[in-house]
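Taking it in order: structure first as structure tokens, then the write-up.
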Amino acid sequence: MLKLRIVSPEQVVYDGDAVSVKVPGILGNFEILQNHAPIISALQVGKVVFTNSEGDHELDVNGGFVEVQKNKVSLCVEVY
């Protein structure tokens, strides 16, 4: 299980568990699963899709950053 925190300049968008997170990296979309290697990446315009116990959730973003470390995923994004 991943701990996911998504923040924008205005608010905390999501703070909870996730099974997977798909993000629009600047070199293409990629998926983050449990035990993913540590990474910091810039994000481009696109959709963040994460899955938790309630199903799939989508968030339109206008860029930002993602950091993954020790099953903690932090996104700082601009939302539409």
Side-chain angles (χ1 to χ4, degrees):
M1 189 69 64
L2 300 168
K3 293 291 184 186
L4 174 62
R5 183 171 173 90
I6 304 173
V7 297
S8 73
E10 294 82 25
Q11 64 183 342
V12 175
V13 178
Y14 180 78
D15 191 3
D17 293 332
V19 176
S20 70
V21 183
K22 297 176 186 171
V23 296
I26 58 171
L27 297 177
N29 294 343
F30 64 95
E31 184 173 19
I32 301 159
L33 299 171
Q34 189 171 359
N35 298 321
H36 194 285
I39 188 173
I40 295 175
S41 177
L43 302 177
Q44 64 182 347
V45 174
K47 288 188 184 300
V48 170
V49 180
F50 65 94
T51 304
N52 63 13
S53 60
E54 298 171 4
D56 291 342
H57 306 272
E58 291 187 0
L59 177 67
D60 292 319
V61 299
N62 195 24
F65 294 91
V66 61
E67 178 184 12
V68 180
Q69 189 169 16
K70 297 180 182 175
N71 291 321
K72 293 182 183 176
V73 182
S74 301
L75 282 88
C76 181
V77 295
E78 286 199 29
V79 294
Y80 291 111

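Quick note: numbers below take in every heavy atom, side chains included, and nothing from hydrogens, waters or symmetry partners.
The shortest distance between side-chain heavy atoms of Lys3 and Asp17 falls below 4.5 Å. A 4.5 Å side-chain heavy-atom check between Asn29 and Lys22 finds every atom pair outside the cut-off.
Of the inter-residue distances, the one linking Lys47 atom NZ with His57 atom NE2 reads 14.5 Å to the nearest 0.5 angstrom.
The minimum heavy-atom distance between Gln34 and Met1, with the atom names listed, is OE1-N, 2.9 Å. Nearest heavy-atom pair across Ser20 and Leu33 is CB-CD2, 3.4 Å. Between Val19 and Leu2, the shortest heavy-atom distance links the atoms O-CD1, 3.8 Å.
In this structure, the side chain of Asn71 engages the main chain of Asn35 through a donor-acceptor pair within 3.5 Å. Listed for the Gln44 side chain is a donor-acceptor partner under 3.5 Å among the backbone atoms of Gly25. Looking only at distances, no side-chain donor or acceptor of Glu67 sits under 3.5 Å from a matching main-chain atom of Ile40.
Cluster annotation: Ile39 is connected to Val61 through the hydrophobic network of ILVMFWY side chains, with a link wherever side-chain heavy atoms come within less than 4.5 Å. Criterion: ILVMFWY side-chain heavy atoms under 4.5 Å apart, direct or through other members. Under it, Phe65 and Val49 are not part of a common hydrophobic cluster. Two different hydrophobic clusters hold Val23 and Val45 under the rule that ILVMFWY side chains link at heavy-atom gaps under 4.5 Å.
The aromatic rings of Phe30 and His36 lie tilted to each other, with the angle between the two planes from 30° to 60°.
Only one option out of Leu75, Val7, Ile6, Leu59 pairs with Tyr14 in a side chain to side chain contact (heavy atoms under 4.5 Å, CB included); it is Ile6.
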